[in-house]
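Provided herewith is a single structure, encoded as structure tokens, for subsequent inquiry.
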Amino acid sequence: MQIWEPEYECMPREEIEQLQLERLQATLNRVYKNVTCYRTRFKEMGIVPEDVRSLADLAKLPFTTKEDLRLNYPYGMFAVPLREVVRIHSSSGTTGKPTVVGYTKHDLKVWSSLVARFMTAAGVNSDDVVQIAFGYGLFTGAFGLHYGSEMIGASVIPMGAGNTEKQIMIMQDYRTTALVSTPSYAVTIAERMEKMGIDPKGLTLKVGLFGGEPWSEAMRREIEERLGITATDNYGLSEVIGPGVAGECQCKRGMHISEDHFIAEIIDPDTGAVLPPGSVGELVLTSLTKEAFPMVRYRTRDITSLDYEKCDCGRTMVRMKKTMGRSDDMLIIKGVNVYPSQIEDVLFAIEGCQPHYQLVVDRKGALDTLEIRIEVTENIFFDEMKKQKAFLDKVEKKIDSVLGVGAVVKLVEPNSIPRAEGKACRVIDNRKI
């Protein structure tokens, strides 16, 4: 297995932590001096950067949230003058204005190298042809993978999102070997190929690098079988750097976090307390090398856990498990915490269910209701009522046993749930809470 930067990716744990502490102290001094928001918050808590003498002291510092970024829109969180910022990106604003992030020349170089790490770990090299089916623009995903691919020396096809039939034509004609997209769009591509009568074995695709949304192991198997590729996961978010925070190696036992550039913590999303190693909770990230836009204890809202055991690939960096969803996207139904990815795992395990579903949450009187709309194969959808009822009962019982909450399952025709060329819309919450 190739490793892009073995001198860092395979460092002993003690050396990683010493490097983290040195870089953390430098980052704290920089934000205290240059970012009004951090200086004000630190002073309110009676903290100065010199108070952080160990990694454990990080827990003394305040969290940074998306709300902080919105309150300081657009450039209030920047730690360098705008003349030193050579790139500006932003994340989509689900409420209010988007969050704005910046990069210096050095930040772009680091970003490219971090993406090159996880792409190399997934098996991409200079002989590959990488087709990027993320949308180019203010979204960080496409550019991160683009520059990481170029740093490796691979050939890049900056296809962008959408136009699925053209994506497939390009794969065939340009002999694409690596696909970059959301996992749900990879399924859409597989479906379209089947409709067009195209056998994936006739393509030169070998690996998929998928991110941008939570996805289950069952969906990974689905993609690998239908496209005949190895499907790998990667993780990033615009507020921290974009893609490049973490990515899977070919062992596929969690995503290696680049700990020489980020400190990862797992906290209780309700209390904010740091949880012991191996616990499931909300991921908090602190950037250690970002110049333009450093983040201290940024609450990602992503639910995961960390594994500090050395990986078989030789990398020593901590691994984060696939995200189970988001703490703020978590559904509470009849007092039970439910993540869409849990339901996805149930559905993929049942023969006849298609990899497209939608959760509709509503409230009737004082009670929450959950309806799960599932695309099923044509032979089930058009099956006689008795067999269809037996199938429905099977799905509902399985969901109830796994989640501990009842749901009404509605079978819908193939292709009736809207397809996404970006992130899939899995949840419709109609409750007025």
Side-chain angles (χ1 to χ4, degrees), residues 20 23-49 51-52 55 57-82 84-85 87-104 107 111 138-140 235-245 257 261-275 281-304 323 325-330:
Q20 285 183 321
R23 289 180 168 180
L24 173 62
Q25 290 169 333
T27 294
L28 294 178
N29 277 298
R30 196 149 39 85
V31 300
Y32 190 81
K33 179 183 177 183
N34 298 319
V35 184
T36 303
C37 175
Y38 283 123
R39 185 165 59 251
T40 302
R41 296 279 293 282
F42 285 14
K43 284 182 176 179
E44 286 173 351
M45 299 181 73
I47 296 170
V48 292
D51 291 335
V52 177
L55 292 179
D57 289 338
L58 184 61
K60 298 176 181 177
L61 301 176
F63 294 114
T64 307
T65 66
K66 204 154 193 170
E67 185 61 22
D68 293 317
L69 275 55
R70 291 197 180 106
L71 290 173
N72 289 277
Y73 174 88
Y75 303 134
M77 300 295 286
F78 283 23
V80 299
L82 201 55
E84 295 180 29
V85 175
R87 176 78 63 75
I88 295 171
H89 280 285
S90 71
S91 62
S92 57
T94 50
T95 57
K97 293 184 181 293
T99 55
V100 179
V101 299
Y103 300 78
T104 64
D107 289 336
W111 189 19
L138 291 175
F139 173 55
T140 56
Y235 176 83
L237 59 168
S238 298
E239 296 86 349
V240 176
I241 200 169
V245 173
I257 296 176
H261 295 271
F262 310 100
I263 296 176
E265 303 171 90
I266 297 292
I267 65 165
D268 182 313
D270 297 321
T271 67
V274 177
L275 298 175
E282 181 184 335
L283 179 67
V284 171
L285 292 171
T286 297
S287 61
L288 300 175
T289 54
K290 277 291 292 287
E291 292 181 340
F293 198 78
M295 285 283 99
V296 177
R297 301 198 81 200
Y298 182 72
R299 292 192 63 163
T300 69
R301 299 292 180 180
D302 288 316
I303 302 297
T304 184
T323 56
R326 291 176 57 81
S327 61
D328 52 358
D329 286 347
M330 179 182 70

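Numbering of residues begins at 1 and proceeds along the displayed sequence. Note that this is a predicted model, so its numbers are computed, not measured.
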### Message
How close do S287 and T27 get, counting heavy atoms only, and between which atoms?
### Response
O-CG2, 3.6 Å
### Query
Heavy-atom distance under 4.5 Å between the side chains of R299 and I267, does that happen here?
yes
### Query
How far apart are the closest heavy atoms of V100 and P74, and which atoms are they?
CB-O, 3.5 Å
### Task
Check for a donor-acceptor pair, side chain of R326 on one end and backbone N or O of T300 on the other, with a separation under 3.5 Å.
yes
### Message
A side-chain contact here means heavy atoms from C-beta on lying under 4.5 Å apart; do Y75 and I88 qualify?
### Response
yes
### Query
Does some side-chain heavy atom of I303 sit less than 4.5 Å from a side-chain heavy atom of E282?
yes
### Message
Looking at every non-hydrogen atom in both residues, tell me the closest pair between D57 and D51 and how far apart they are.
### Response
OD2-O, 3.4 Å
### Message
My understanding is that only one of V35, I263, L285, L28 makes a side-chain contact (heavy atoms from CB on, under 4.5 Å) with V296; could you say which?
### Response
L28
### Query
Can you find a side-chain donor-acceptor pair between Y38 and T64 that sits under 3.5 Å?
yes
### Query
Within the side chain of D107, is there an N or O that forms a donor-acceptor pair under 3.5 Å with the backbone of K290?
no
### Task
Any chance you could measure T286, atom OG1, to F262, atom CZ, to the nearest 0.5 Å?
10.5 Å
### Message
What I'd like to find out is whether the side chain of H261 reaches to under 4.5 Å of the side chain of W111, using heavy atoms alone.
### Response
no
### Task
Look up atom CG in L288 and atom CD in Q20, then write down how far apart they are to the nearest 0.5 Å.
6.0 Å
### Task
Using atom types as modelled and distance alone, determine if a side-chain donor or acceptor of E84 lies under 3.5 Å from a backbone N or O of A292.
no
#### Entry: Minimum heavy-atom distance between M295 and E239, given as atom pair plus value
CG-O, 3.2 Å
### Task
To the nearest 0.5 angstrom, please state how far the CG atom of N29 sits from the CG atom of L24.
9.5 Å
### Task
Could you label the plane-to-plane angle of the H89 and Y103 rings as parallel, tilted or perpendicular, counting under 30° as parallel and over 60° as perpendicular?
perpendicular
### Message
Is the shortest side-chain heavy-atom distance between V80 and F293 below 4.5 Å?
### Response
no
### Exam field: side chain R30 to backbone E291, donor-acceptor pair closer than 3.5 Å
yes
### Task
To the nearest 0.5 Å, tell me how far T36 OG1 sits from M77 CE.
10.0 Å
### Query
Of all heavy-atom pairs between T65 and Y298, which one has the smallest distance, and what is that distance?
C-CE1, 3.8 Å
### Message
Donor-acceptor check, side chain of T323 to backbone of T304, threshold 3.5 angstrom: yes or no?
### Response
no
### Message
For the CZ atom of F42 and the CG atom of L61, what is their distance to the nearest 0.5 Å?
### Response
5.0 Å
### R297 versus L58, closest heavy-atom pair with distance
CD-O, 3.3 Å
